[in-house]
2 protein chains.
Amino acid sequence: METRELRYFVAVAEELHFGRAAERLGIAQPPLSRAIQRLERRLGVELLHRDNRSVELTAAGAVLLAEGRAALDAVEAAGRRTRRAGTGTGSAALVLVTKAGASGELLAKLLDAYAAEPGAVEIDVQLCGIGEQEGMLRDGRADVALLYLPFDSATGFDTEVLRSEGQIAVLPAGHPLSLETSLRTSDVTGLPGLPPPRWPRRDGTYPDGPGPKVRDHTQLLQLIMLGRTTAIMPESLRNQLGEKLVAVPVVDAPKVTTVIAWPPHSRSRALARLVEVATRL
Amino acid sequence: METRELRYFVAVAEELHFGRAAERLGIAQPPLSRAIQRLERRLGVELLHRDNRSVELTAAGAVLLAEGRAALDAVEAAGRRTRRAGTGTGSAALVLVTKAGASGELLAKLLDAYAAEPGAVEIDVQLCGIGEQEGMLRDGRADVALLYLPFDSATGFDTEVLRSEGQIAVLPAGHPLSLETSLRTSDVTGLPGLPPPRWPRRDGTYPDGPGPKVRDHTQLLQLIMLGRTTAIMPESLRNQLGEKLVAVPVVDAPKVTTVIAWPPHSRSRALARLVEVATRL
DNA sequence: GCCGGTGATACCTCCCGGGTATCGTGGCTG
DNA sequence: CAGCCACGATACCCGGGAGGTATCACCGGC
């Protein structure tokens, strides 16, 4: 199976429409139809059910969509990482990705400690939005990531645990609950007039609900300050809170584990060193 | 990057010889040379250093070799799993792979429990040699595996722990140590006249050393019975020992953990059910 | 019944993958 | 030191297939 065929199939499977898929791929519709037919013939499997009015995935097609995406990511990663390894200054630079707005203190310590190592290479730190890190690691835009379980998913990566911490509720100063010394999750989520914030989904849309839409942490803190919402977050963010905000430990919230994650087949010397430094912190 | 180019590059990188690589690929040498040149030009990176007498990998080439193998496995997996999903009886059969000679008792319980579930699909059990399981899971020949840590590596897979057990030393009956109630690793490995067995490597060759070559567990037990070697193995294999063999716990040997492992992007209903049943055992 | 949208087919072109023949270059050997 | 040989690169040719345009076949809706 060639990657071109996979790309074509994934496009059609996502659009469920040959015309739009062809447009997205920058080719005409007939070659696309033929390519899919050939693919089906070669695999001996019906991938799409064409109903002369609508296109839908068969069970086999759903499998190929999931597996094909993963395979395309792997191919893309191979290209990107090779390019980076070759065009670099000789010693390949590493790309580390972490969530924008996450506690920078751990990252700063890691970068400092690594830079002090002999033979340290340049590390390119990329900040990205919620849930993007896994994709970047998978398709080669990044080599290593700091992930926060259980918010992020580290499935398919090798990981080392760096830190585990509790969570705090962030409340506007003066709120009745801000006088408590500890809270439970249910105390915070069910507050009348303080609905939980709504984070964007991967496709940029927001779930329905009464809470305010937020895109990042500063926005969120601002909204809490204004008394419009409240939130539960890792306790290492406590020192990023301003004057008007109060943090109260939430005893039954799940622990947040910070891990350093990398693709399992990585064999880079620099990466191994970075991970080693991280675990020694 | 097309998979054909990746296959070509991996062949050359493994052979470090264009002629042999071309032969292995079933094409002539000139097209192979051109394909590699084009790949290098497109990536803008030198992958191989041709010295008019020898071919060697550059740093970027080494990266592409590792990443390319992974990508090719992913593409192959996509094809195989799709084929299986389509040509099956409708409800896709799962392929479970485990080491030949491993304790079958846990597997039997798992298969029985799963078969009793409503909507259970047929499970094809494949036995394979040492260290082959990861490859089979990676390239789609299998969907799920029973792995034994720390012997096998589960990096890159999702896993659930099924069991953890100690290890025993297996000695010929009558051996002085067989009267002990517990041993340490160093008691067993340093025995004069009882060198540890040699297992084949992935390429079929054996490491050097005095011990006898073994291919599987029955062979190994036979050799222990003959007083030619001795071995340390998980205690669940105790009930496979015959008359002439004695098992003694090895207190400082690492615990052996049996896990069920599957590729992280699997979304199959049947697989999820199987894993759920396994964790309930 | 006509129209519009959709995927499939027919047919053409041209690029590129693959083949054979040959060259250029070094290392090895007699 | 000359000739040979091993090996990758180059030159040139051919055929298949990828991609384009024009058109058909089917069917739902007004």
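Residue numbers begin at 1 in each chain, while the letters A, B, ... track the order of the sequences. FYI, side chains are in, hydrogens and waters are out, and symmetry mates aren't considered; it's all heavy atoms of this structure.
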Atom-pair distance ([atom1] on [X]; [atom2] on [N]), nearest Å:
| X | N | atom1 | atom2 | answer |
| --- | --- | --- | --- | --- |
| A:Leu25 | D:dG20 | CG | P | 10 Å |
| A:Tyr8 | C:dG7 | OH | C1' | 17 Å |
| B:Leu47 | D:dG8 | CG | P | 15 Å |
| B:Glu15 | D:dG8 | CD | P | 11 Å |
| B:Glu56 | D:dG8 | CD | C1' | 15 Å |
| A:Arg7 | D:dG19 | CZ | P | 10 Å |
| B:Arg42 | C:dG17 | CZ | P | 8 Å |
| B:Arg20 | D:dG8 | CZ | C1' | 13 Å |

Strictly below 4.0 Å, heavy-atom distances to any atom of DNA chain C: list the hits from residues 27-40 of chain A, or just say none.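 Those residues are A:Gln29, A:Pro30, A:Ser33, A:Gln37.
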Nearest-0.5 Å distance, CZ of residue A:Arg80 to CD of residue B:Glu67: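 With rounding to 0.5 Å, CZ (A:Arg80) is 11.5 Å from CD (B:Glu67).
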Salt-bridged, A:Arg138 to A:Glu134, with N to O below 4.0 Å?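 So A:Arg138 does not pair with A:Glu134 through a salt bridge.
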OP1, OP2 of D:dA9 versus side-chain N and O of B:Arg50: anything below 4.0 Å?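 Affirmative; the distance criterion is met.
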Would you indicate whether the side-chain heavy atoms of [Y] and [X] approach each other to under 4.5 Å?
| X | Y | result |
| --- | --- | --- |
| B:Phe9 | B:Leu48 | yes |
| B:Arg84 | B:Asp143 | yes |
| B:Leu96 | B:Asp124 | no |

Return the set of residues passing side chain to side chain donor-acceptor pair (under 3.5 Å) with B:Glu2 (not counting sequence neighbours), or none when no residue passes.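 Listed in chain order: A:Thr3, A:Arg7.
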I want to confirm an ordering. Mapping A:Glu5 and A:Asp51 to their closest nucleotides on DNA chain D, which one lands closer to the 5' end?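 Per heavy-atom nearest nucleotide, the more 5' residue is A:Glu5.
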